Amino acid sequence: QVQLVESGGGLVQAGGSLRLSCAASGRTASDNVMGWFRQAPGKEREFVGAIRRSGGATSYADSVKGRFTVSFDTAKNIVYLQMNSLKPEDTATYYCAATSRRLIITTMQLLRFYDYWGEGTQVTVSS
């Protein structure tokens, strides 16, 4: 089993920045891809970004490309989501996810391939 705990959410003005963290524990040696998803009220959960632990390949949703960056600290076993130039439409609960599957870049965005999920952290962007 893998446990994921997100932190770093909060309230920020449009144009501001936040950095989310996701601490992984348990059988993390089997994790191959770590991802971030978000869900706004009344909407489906959607892909934000992901990183392959081996090699560091990343994938991003078009809506966040150039603004968000996913990174992984191997020593601390923490995955980060740096969010810059935040917009009100980025308001959502952000979830960290992990999978042991060897996903290719085009499949990293698929929610169904992730086996482990955190509880989420709320991000609110005011206009």
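Bear in mind that the values here come from a model prediction, so they are computed numbers and not experimental data.
Pairing each heavy atom of Ala92 with each of Ala40, the nearest pair is CB-N, 3.9 Å. Nearest heavy atoms, Ser17 versus Asn84: OG-OD1, 2.9 Å. In terms of heavy-atom proximity, Val79 sits nearest to Cys96 at CG1-SG, 3.8 Å. Nearest heavy atoms, Tyr94 versus Val48: CE2-CG2, 4.2 Å. When all heavy atoms of Ala57 and Met108 are compared, the closest pair comes out as O-CE, 3.9 Å.
If you chain together hydrophobic residues whose side chains sit under 4.5 Å apart, Val33 and Leu110 fall into the same group. Residue Leu111 is grouped with residue Ile105 when hydrophobic side chains (ILVMFWY) are merged at heavy-atom distances under 4.5 angstrom, including chains of intermediate members. Tyr80 and Val2 are members of different hydrophobic clusters when ILVMFWY side chains are connected at heavy-atom separations under 4.5 Å.
Residues Arg52 and Phe72 fail the side-chain proximity criterion, which asks for heavy atoms closer than 4.5 Å. By the 4.5 Å heavy-atom criterion applied to side chains, Ser21 and Lys76 are not counted as neighbours. Side-chain contact check for Gln122 versus Leu11: every heavy-atom pair is 4.5 Å or farther apart. You'll find the side chain of Phe68 stays beyond 4.5 Å of the side chain of Leu20, heavy atoms only. Side-chain atoms of Arg38 and Val64, non-hydrogen and from C-beta on, do get closer than 4.5 Å to each other. Between Asp90 and Met83 there is no side-chain heavy-atom pair separated by less than 4.5 Å.
The NZ atom of Lys87 lies 14.0 Å from the OG atom of Ser127; values are rounded to the nearest 0.5 Å. From Ser59, atom OG reaches atom CD of Gln109 across 5.5 Å, with rounding to the nearest 0.5 Å. Between the SG atom in Cys22 and the CG atom in Asp73 there is a gap of 12.5 Å [rounded to 0.5 Å].
Checked by atom type and distance alone, the side chain of Arg102 never pairs as donor or acceptor with a backbone atom of Asn32 at under 3.5 Å. Without hydrogens or angle criteria, Thr58 side chain to Ile51 main chain gives no donor-acceptor distance under 3.5 Å. In this structure a side-chain-to-backbone donor-acceptor pair under 3.5 Å is present from Arg67 to Ser85. Between the side chain of Thr99 and the main chain of Phe113, a donor-acceptor pair closer than 3.5 Å is present. Within the 3.5 Å criterion, the main-chain N or O of Gly120 finds a donor-acceptor partner in the side chain of Glu6.
In summary, of the residues considered (Tyr95, Phe47, Trp36, Phe37), a ring pair (Phe, Tyr, Trp, His ring centres under 6.0 Å) with Tyr114 occurs for Phe37 alone.
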**Request:** Decide side-chain contact (heavy atoms from CB on, under 4.5 Å) for Val70 and Met34; before the verdict, give the C-alpha distance in whole Å, the side-chain angles of both, and the deciding distance to 0.1 Å.
**Result:** CA-CA 9 Å; Val70 181; Met34 305 288 293; over 6 Å; no

**Request:** Apply salt bridge (Lys or Arg N to Asp or Glu O under 4.0 Å) to the pair Lys65 and Asp62, showing each step before the final yes or no.
**Result:** CA-CA 5 Å; Lys65 276 182 183 176; Asp62 288 342; 3.2 Å; yes

